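Since the model is a prediction, treat every value here as computed from it, not as a measurement. Start at 1 and go down the list; that is how both ligands and their atoms are numbered.
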Amino acid sequence: MTPPPALDTQLLSALSAVLGRPEGTIGLHEPEFAGNEWAYVKACIDTGWVSSVGKYVDEFECRLAETTGAAYTVAVANGTAALQVALRLAGVEPGDEVLVPTLTFVATANAVCHLGAIPHFVDAEEATLGLDPDALADHLEAIVDVRGGRPVNRLSGRRIAAVVPMHAFGHAMRIERLLEVAGVYAIPVVEDAAESLGTSYRGRHTGTFGLVGTLSFNGNKIITTGGGGAILTNDPELGRRAKHLTTTAKLPHPWRFVHDEVAYNFRLPNLNAALGCAQLESLPRFLAEKRALAARYRTAFADTPGLAFVDAPAGSDSNFWLNAIRIKGGGKEAREQLLAAANGAGYQCRPAWDLMHTLTIFSDMPRAGVAVSEAVAASLINLPSSAKLGVAKV
Ligand SMILES: *Cc1c(COP(=O)(O)O)cnc(C)c1O
């Protein structure tokens, strides 16, 4: 019996089967501007409406509402700002704890800290890579006292004010089960859907299940506004507050400057919203191309005995924002070797984020057991995933 080829050979032959041989480097995720981007941005410059006033912000918010099904959408400066305001809308106050997956981008935890609150890290599950609602239920049962109707971490004495599930790499986590678990303690759910524009869970768009949801339009996301984000909610009062809080809390008046709260200047400039309108027009094509690319990776990695394609979990109609593989039975050392081989051959591949609880800035924060996240992080590699790579080569 011939032994299987070395892991780096398995990886490189699958990558070249899907992507061909790179001339230069094939990036991890590159934006594409093939539609009305130039025309809309030029219209901003031609009319002088580049900043906080102009028609594209309203237009972008309307189109986002259509795409996601959220009743209210507020465009903001970036996804981190969206999370910060979403958490504030959910009632998070300084000194509270907020449950956050340790397997996430740093923005999720930073937003909690920006409010003076404390991230409390919880584990992911294998099947979705998102927060594990059942492990969370066990953890809450072990640590929560309900005092005066409020869930309190009995180890720290602090209130648990929110939970922030994240749909990792565009795959939906089990948001309905999470809503049940959080509902037992009346903990508000703020969904970090930064990576999952275009992904639905059982037919409903991610980011619209929780009390509030957030999106990001950073340069590496499925659509980009250069930098940008959005707050989604179905609650009219929260929608109104989201707009008010992100636009300096100014009361409408023809000439006076009356502000009724200390608020934020987090609005999305018209210039960026113009780019966003054009990008949203391309979203259906991006989704089709990204799903086609994922299908080709799925086929290529069906033949690699040591590497497994990370597929969409049950119930998730994924956008496949970032494709990923797992090294079967592998750890960090194999991962580093494979990353060196792939990047050396011109395929830009990346590991998952360093887990939040391992960052020095968060090392003192409370946490649950995180064994699954550690296993995932040690064995996961993200693959080049730009939409254009999904266009079938003739
Ligand atoms: C991109 C991203 C954000 C938001 O990032 P910004 O760069 O501030 O727009 C938040 N959470 C996750 C998981 C992300 O991937």
Side-chain angles (χ1 to χ4, degrees), residues 28-31 60 64 73-88 90 92 98-115 119 121-122 124 128-131 162-173 175 178 189-199 206-207 210 212-232 242 246 264-269 272-273 275-276 279 290 310 316 318-324 350-357 359 361-362 373 376-377 380 382 385-386:
L28 186 70
H29 201 289
E30 288 166 1
F60 186 50
L64 276 175
T73 61
V74 176
V76 296
N78 57 61
T80 312
L83 273 170
Q84 183 181 338
V85 174
L87 287 164
R88 183 156 160 188
V92 173
V98 175
L99 301 156
V100 170
T102 189
L103 181 66
T104 188
F105 177 57
V106 70
T108 322
N110 278 346
V112 172
C113 295
H114 292 328
L115 289 175
F121 298 115
V122 295
T128 67
L129 308 181
L131 188 161
V163 57
V164 189
M166 196 275 282
H167 303 286
F169 310 123
H171 298 315
M173 55 79 64
I175 184 68
L178 178 73
V189 175
V190 171
E191 260 180 287
D192 183 350
E195 305 183 354
S196 63
L197 177 64
T199 298
T206 50
V212 193
T214 63
L215 300 172
S216 166
F217 314 115
N218 190 30
N220 61 348
K221 296 301 200 294
I222 186 163
I223 70 159
T224 187
T225 57
I231 300 167
L232 313 176
T246 54
Y264 309 93
N265 174 18
F266 280 167
R267 65 180 100 228
L268 185 72
N272 303 76
L275 201 53
Q279 286 271 288
K290 288 172 79 67
V310 175
S316 169
S318 292
N319 66 4
F320 289 94
W321 170 58
L322 274 192
N323 289 286
R350 286 281 183 270
W353 315 277
D354 281 39
L355 297 173
M356 293 303 107
H357 73 277
L359 299 180
I361 48 176
F362 298 134
S373 304
V376 170
L380 186 137
N382 285 122
S385 297
S386 307

**Q** Out of Phe362, Phe121, Trp353, which one pairs with Thr102 under the side chain to side chain contact (heavy atoms under 4.5 Å, CB included) rule?
**A** Phe121
**Q** For a quick test of reading the model, state the closest non-hydrogen atom pair linking Lys221 to Glu195 and the distance between them.
**A**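 Heavy atoms only, the tightest pair is CE-CG, 4.0 Å.
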**Q** Taking any residue with a non-hydrogen atom under 4.0 angstrom from an atom of ligand 1, which ones do you get?
**A** Asn78, Gly79, Thr80, Thr104, Phe105, Ala107, Thr108, Met166, Asp192, Ala194, Glu195, Ser216, Asn218, Lys221, Gly228
**Q** Quick one: are Val76 and Val85 in side-chain contact, heavy atoms under 4.5 Å?
**A**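 Side chain of Val76 against side chain of Val85, heavy atoms only: no contact under 4.5 Å found.
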**Q** Is the backbone of Ala172 close enough, under 3.5 Å, to the side chain of Thr199 for a donor and an acceptor to pair up by distance?
**A**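 A pair under 3.5 Å: no.
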**Q** I'd like to check His114 versus Arg88 (side-chain heavy atoms, cut-off strictly below 4.5 Å). Are they in contact?
**A** no
**Q** Can you list everything that forms a side-chain contact (heavy atoms from CB on, under 4.5 Å) with Ala90? Sequence neighbours excluded, please.
**A** Pro188, Val190, Leu211
